[in-house]
*Asks:* 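My questions all concern the structure below.
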Amino acid sequence: MRPPALKRLYVCVRSRSYGDRLAPFRFQLTGVDTAMRKSVNRPPTPDVMENQGKEPTFQELINIELIESGEKERLMELLRERLIECGWKDEMKALCRAFIKKKGRNNVTVDDLVHVITPKGRASIPDSIKAELLQRIRTFLVSAAL
């Protein structure tokens, strides 16, 4: 059985006796190529050349325009107001409380709650609110000439 290959890594070391110099350090690879290792804490950086020729989709253009004009924030505020007015927020709060009571306070995580409540919440949004928001978005698109 052969030992894993040793690679040489040069690290800049600062010390009083040697000053600034490149010092070689040996380390062992344990079957993982260091160039292929990905960061656990962040996604890989996209290749700059890959994204240069890529144009944004129509949906991305609309989203950018909504954000830049401030209309997205106004639509979100309108949605919050309408959902509170129709009692949707209280209904979702009651569903959350019932789920927590059923499972036990110490046995429920936020992820569990989101996983169970999200489909019910989306399905229970009144059609009148959806239609109003859709009409406001259409009006914005016509005025923005997109």
*Asks:* Checking W88 side chain against G121 main chain: does a donor-acceptor pair fall under 3.5 Å?
*Replies:* yes
*Asks:* Take a 6.0 Å sphere around NZ of K103 and say whether it holds more than 12 heavy atoms from other residues, nucleotides or ligands.
*Replies:* no
*Asks:* Please find the pair of heavy atoms, one from P56 and one from L61, that lie closest to each other, and give the distance.
*Replies:* CG-CD2, 3.8 Å
*Asks:* Has Q59 got more than 12 heavy atoms of other residues, nucleotides or ligands less than 6.0 Å from its CD?
*Replies:* no
*Asks:* Distance check, rounded to the nearest 0.5 Å: L95 atom CG versus D90 atom CG?
*Replies:* 11.0 Å
*Asks:* Would you kindly confirm whether I84 and I117 end up in one hydrophobic cluster when ILVMFWY residues are joined by side chain heavy atoms under 4.5 Å apart?
*Replies:* no
*Asks:* Rounded to the nearest 0.5 Å, how far does CD of E85 lie from CZ of R80?
*Replies:* 14.0 Å
*Asks:* So, do L141 and E65 sit near enough that their side-chain heavy atoms are less than 4.5 Å apart?
*Replies:* no
*Asks:* Check this for me: does any side-chain nitrogen of one of R74 and E71 sit under 4.0 Å from a carboxylate oxygen of the other?
*Replies:* yes
*Asks:* For the atom pair CG (L134) and CZ (R138), what is the distance rounded to the nearest 0.5 Å?
*Replies:* 4.0 Å
*Asks:* Would you say M76 ends up clustered with I129 if hydrophobic residues are merged whenever their side chains have heavy atoms under 4.5 Å apart, either directly or through other cluster members?
*Replies:* no
*Asks:* Rounded to the nearest 0.5 Å, what separates atom NZ in K102 from atom CG in N107?
*Replies:* 13.0 Å
*Asks:* Using 0.5 Å steps for rounding, measure from the CD atom of E81 to the CG atom of L79.
*Replies:* 10.0 Å
*Asks:* Please check if the side chain of S143 supplies one atom and the backbone of F140 the other of a donor-acceptor pair under 3.5 Å.
*Replies:* yes
*Asks:* Any link between I137 and L78 through a network of hydrophobic side chains (Ile, Leu, Val, Met, Phe, Trp, Tyr) touching at under 4.5 Å?
*Replies:* yes
*Asks:* Honestly curious: do F58 and L66 fall in one hydrophobic cluster under the side-chain, below-4.5 Å linking rule?
*Replies:* yes
*Asks:* State whether the side chain of D112 and the backbone N or O of V108 hold a donor-acceptor pair below 3.5 Å, judged by distance alone.
*Replies:* no
*Asks:* Ignoring hydrogens and geometry, is there a side-chain-to-backbone donor-acceptor pair from E73 to G70 under 3.5 Å?
*Replies:* no
*Asks:* With side chain to side chain contact (heavy atoms under 4.5 Å, CB included) as the criterion, how do R82 and S128 come out once you've worked through the C-alpha distance, each side chain's angles and the decisive distance to 0.1 Å?
*Replies:* CA-CA 10 Å; R82 295 295 189 260; S128 60; over 6 Å; no
*Asks:* Nearest 0.5 Å please: distance from the NZ atom of K101 over to the CZ atom of R97.
*Replies:* 11.0 Å
*Asks:* What's the shortest heavy-atom distance between L83 and P126, and which atoms?
*Replies:* CD2-CD, 4.5 Å
